[in-house]
Protein chains: 2
Amino acid sequence: MEPMDVDAAVFDVFGTLTDWRAGVTAELAAAGTRTGLRADWAAVADAWRGRYRPNLLKVLGGELPHCGLDELHRIMLDEVLAQQGLDAFTEADRADLVRAWHRLPAWPDAGPGLDRLRESPLLTATLSNGGVGLLARLTKHAGLRFDCVLSAELARSYKPDPKVYLKAAELLAVPPHRLLMVACHPDDLQAAAGAGLRTAYIPRPEWGPRTTPADPPAGVDLVADDVRDLARQLTAQPPARG
Amino acid sequence: MEPMDVDAAVFDVFGTLTDWRAGVTAELAAAGTRTGLRADWAAVADAWRGRYRPNLLKVLGGELPHCGLDELHRIMLDEVLAQQGLDAFTEADRADLVRAWHRLPAWPDAGPGLDRLRESPLLTATLSNGGVGLLARLTKHAGLRFDCVLSAELARSYKPDPKVYLKAAELLAVPPHRLLMVACHPDDLQAAAGAGLRTAYIPRPEWGPRTTPADPPAGVDLVADDVRDLARQLTAQPPARG
């Protein structure tokens, strides 16, 4: 691989920088205890997240009307709770559980790696399907510091719609080929590459510690162990050419 | 004044957080030296900035087509250089001078004050007529750290259009009356108040050390000496009511 020559790096957030499964499972369990309910809360979290991709694709295909991610999370939560016989959760519980996605824990390497990147000339930003307000709260809560917060909301769409990646390049005022998309999801990276961006893959066991991360997509520009390793690779001096 | 009960604070950038006059004057002088030109460079900077407000109002009134702030800065620079007999500046000089607005120095209190605010639960963001890319570069260069970068560009307009303030509230997902606009420009604060925001005024000698800052606008919710003082006022415990 060539040394990476980019002006900015944008990061997926759910899975790539934050451990949604640990955060959502803990909040479901706490809400369940308050309500006197028992369940395999990690399985409930997985079922909730499992509805995400098919529903996004329905929104992008026009089968569902466009709505914000909080609203989509709420619809999917109601479906999962009904399916699993957890109807006892109140309106207030459900509204609060949607906000669990605003206060997820970061993977331990993410904050230090981003801080190191922020000291380089590279611009750093989020690029997530979460809304701007969600991302500002989540990154503040999780100690993830960026130069800019970008969201699919600003393109009024969702990844993997190419419009989202191109809107990020436009707003940062960089050409798409000088913008790096960082994610643990192969389909996110493939769509970014299709829009002309460079891509970096980070493996994450996002479905739990006993699961195996996806393989990196074909043609990815860079593979890093985690965000610290990404920062090392992106800020290393390129070898002298002679 | 009541203790301020808000969820987020958005900041004007040119003048309120950065000393555009010092930054632009220094870059004009350096470019002039390279080109062998002599002039009162602070007066050139003032003439350049002096064209800003009337031209913005022309854009908002539909007399000029909407364009990004970089483009507007370039048009105004060409006018000022022609008027002052400084035609010797090359295309490359002019393009570089437009980028002087991307690397202005911060007022000394701004970075520490913002860092203190970021440690509080309050969300902090820019709200400037500069574009998202300009603001990400400028805040990174100047050491101004925010939870979010918001720009009039996201409302496809310019302050003082009420749409800009309402778009900021929408994107941060806070009601307008729980959003605080911080600025040194009375017209910015009056427009924000008209859109339902709370307002904080900071005096700045933005037209040079021998000039007097504007008076705070009537009805402003809070007056602070600088951003450190603002942070002290916003993060102080409200007095116990009894």
Side-chain angles (χ1 to χ4, degrees), chain A residues 7-10 13 67-71 73 95 98-99 101-103 114-115 117-128 130-156 167-176 178-179, chain B residues 7-10 13 67-71 73 95 98-99 101-103 114-115 117-128 130-156 167-176 178-179:
Chain A
D7 299 318
V10 290
V13 174
C67 62
L69 187 64
D70 283 342
E71 205 181 327
H73 274 147
V98 164
R99 285 192 297 272
W101 297 90
H102 297 205
R103 47 193 182 223
L114 288 170
D115 285 345
L117 277 177
R118 275 196 91 189
E119 288 163 18
S120 81
L122 214 66
L123 287 180
T124 59
T126 58
L127 187 59
S128 164
V132 170
L134 179 157
L135 292 170
R137 288 176 181 83
L138 173 54
T139 55
K140 183 183 183 94
H141 171 85
L144 301 173
R145 285 165 288 270
F146 289 94
D147 297 316
C148 193
V149 168
L150 296 178
S151 160
E153 178 182 20
L154 300 174
R156 221 186 132 68
K167 176 57 86 173
E170 180 198 323
L171 288 172
L172 290 174
V174 299
R178 296 189 62 83
L179 180 58
Chain B
D7 298 318
V10 291
V13 174
C67 62
L69 188 65
D70 283 343
E71 205 182 325
H73 274 148
V98 165
R99 285 192 297 271
W101 297 90
H102 298 203
R103 48 194 181 224
L114 288 169
D115 285 345
L117 276 177
R118 275 194 91 189
E119 289 163 18
S120 81
L122 215 66
L123 287 180
T124 59
T126 58
L127 188 59
S128 163
V132 170
L134 179 157
L135 291 170
R137 288 175 180 82
L138 173 54
T139 54
K140 184 183 181 94
H141 170 86
L144 301 174
R145 285 166 289 270
F146 289 92
D147 297 316
C148 192
V149 168
L150 296 178
S151 158
E153 179 182 18
L154 300 175
R156 218 183 136 70
K167 176 58 86 173
E170 178 198 324
L171 288 171
L172 290 175
V174 298
R178 297 190 61 84
L179 180 58

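From a predicted model like this one, the values you see are computed outputs, not experimental measurements. Every chain is numbered from 1, with letters handed out A, B, ... down the list of sequences. These numbers come from the heavy atoms of this one structure, side chains and all, not from hydrogens, waters or symmetry mates.
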A/Thr139 OG1 to B/Leu123 CG distance, which is reported to the nearest 0.5 Å: 8.5 Å
Is a side-chain N or O of B/Lys140 found less than 3.5 angstrom from the main chain of A/Leu122, in a donor-acceptor match? yes
Shorter than 4.5 Å, heavy atoms on both sides: which option in A/His141, A/Glu170, A/Arg137 has the most such pairs with chain B? A/Arg137
Start with the C-alpha gap between B/Leu154 and A/Val132, add the side-chain angles, then the distance that decides, and say whether side chain to side chain contact (heavy atoms under 4.5 Å, CB included) holds. CA-CA 11 Å; B/Leu154 300 175; A/Val132 170; over 6 Å; no
Which of A/Ala136, A/Ala8, A/Gly68 touches chain B most, by non-hydrogen pairs under 4.5 Å: A/Ala136
At a heavy-atom separation under 4.5 Å, does B/Leu150 approach chain A through its side chain, its backbone, both, or neither? side chain
